[in-house]
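To start, the structure itself, in structure tokens.
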2 protein chains.
Amino acid sequence: MTAPRALRATKQRAAVSDLLDRLADFRSAQEIHEELRRQGEGIGLTTVYRTLQTLADGGEVDVLRSAGGEAVYRRCESSAHHHHVVCRRCGAAEEIDAPMVESWAQEVAEKHGFSEISHTVEIFGVCRACT
Amino acid sequence: MTAPRALRATKQRAAVSDLLDRLADFRSAQEIHEELRRQGEGIGLTTVYRTLQTLADGGEVDVLRSAGGEAVYRRCESSAHHHHVVCRRCGAAEEIDAPMVESWAQEVAEKHGFSEISHTVEIFGVCRACT
DNA sequence: TGCGCCCATGATAGTGGTTTTCATCTAGGG
DNA sequence: CCCTAGATGAAAACCACTATCATGGGCGCA
């Protein structure tokens, strides 16, 4: 195994990863950048975007779109396919899995003649803390 | 009832609405603008955006976000709450309703202490015509 | 430990979708 | 027919995100 992974261990990548570990909320790239700067990390916005992109591609973080259309990121516990209940006030999220919804989606799509199926299922609400 | 509706009947609004009636696909504001210009309608991009926004607010059209994050619009048959199976190639969509998913979402959210619940459920695939 | 290759970084400029601004136009009630 | 509040649209602002490219710093190797 000649590690095909060409990722280099940099301070910036670690900083983003560490911050994600400490957050339980979906956050935008800009918010993450701002927070890291506040903590005194020297990191550029470009790098934050790039790092989040990389993490997302590797399935290490979940990405979804906020109501405003901007991408928000969060470290997920499980690397398996799952969905979220997200607080629309603070972004806090809990993971859920829904086997029955998975099969339902597959079935419905096939019935309509669609193939190569994917789906988005997210539940939004206001969490206990924000009520 | 002193009609609170302050909407004026203009040629532009009618043009957008008519075009939406003839389309079965989710289309972006830009695409709709382009199509109207092609048909010789004198309409500005600004107005297209504004009109779609208004229609969406009034629940007359469905809005969702394409993979790239841009907003796409479509006239919906049913004004009731429903979801879609959308072709990621051409935007063609069919409406589906999923009572069991509705109640499932409600139940899951409550179990996690969330209130004022809403949800997004969209199924993406490739339609028969695009295969 | 030191060298050097090459990936990573980040300031800056660019891109593309959407909104705001504001001067002008017009639907439609009086 | 006139007047006015709402509608229009060209241009500019906005904002999230991406591309560019010169510089910096891991890390493999000697």
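Keep in mind that what you see is a predicted model, and the values were worked out from it rather than measured. Each chain gets a letter, A, B and so on, in the order the sequences are listed, and its residues count up from 1. Atom set for the values below is all heavy atoms of this structure, side chains included, hydrogens, waters and symmetry mates excluded.
Salt-bridge annotation for A/Glu35 and A/Arg22: absent, with no side-chain N of the basic residue lying under 4.0 Å from a carboxylate O of the acidic one. Between B/Arg75 and B/Glu60 there is a salt bridge, with a side-chain nitrogen of the basic residue lying less than 4.0 Å from a carboxylate oxygen of the acidic one. Taking a cutoff of 4.0 Å between a charged side-chain nitrogen and a carboxylate oxygen, A/Glu34 and A/Arg37 do not qualify as a salt bridge.
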* Asked: What do the steps show when you test A/Phe26 against A/Ser66 for side-chain contact (heavy atoms from CB on, under 4.5 Å), and what is the final call?
  -> CA-CA 9 Å; A/Phe26 274 94; A/Ser66 70; over 6 Å; no
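Atom P of nucleotide D/dT18 and atom CG of A/Asp57 are separated by 11 Å, given to the nearest angstrom. Atom CG in A/Leu55 sits roughly 14 Å away from atom C1' in C/dA8 (whole-Å rounding). Separating the CZ atom of A/Arg65 from the P atom of D/dA16 is a distance of 12 Å, rounded to the nearest angstrom.
OP1 or OP2 of C/dT19 has not a single side-chain nitrogen or oxygen of B/Tyr49 nearer than 4.0 Å. Contact annotation: B/Gln12 side-chain N/O to C/dT26 OP1/OP2 distance is not under 4.0 Å.
For the segment residues 23-46 of chain A, the set of residues with a heavy atom within less than 4.0 Å of an atom of DNA chain C comprises A/Gly42, A/Ile43, A/Gly44, A/Thr46, in numerical order.
For B/Gln53 and B/Tyr73, the side-chain atoms include no donor-acceptor pair closer than 3.5 Å. One side chain, A/His83 or A/Glu102, offers a donor N or O that lies under 3.5 Å from an acceptor on the other.
Separating the OG1 atom in B/Thr51 from the NE2 atom in B/His33 is a distance of 11.0 Å, to the nearest 0.5 Å.
Of the candidates C/dT18, D/dG9, D/dC17, D/dC17 carries the atom nearest the A/Glu70 side chain, counting heavy atoms from C-beta on.
Between B/His84 and B/Glu122, the shortest heavy-atom contact is N-OE1, 3.2 Å.
Donor-acceptor pairing under 3.5 Å, judged by distance alone, is present between the side chain of A/Arg50 and the base of C/dG10.
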Tabulate protein N/O versus nucleotide N/O from nucleotides 22-28 of chain D, keeping only pairs under 3.5 Å, one per line.
| unit_1 | atom_1 | unit_2 | atom_2 | d |
| --- | --- | --- | --- | --- |
| D/dG25 | N2 | A/Arg8 | NH1 | 2.7 |
| D/dC27 | OP1 | A/Ala9 | N | 2.9 |

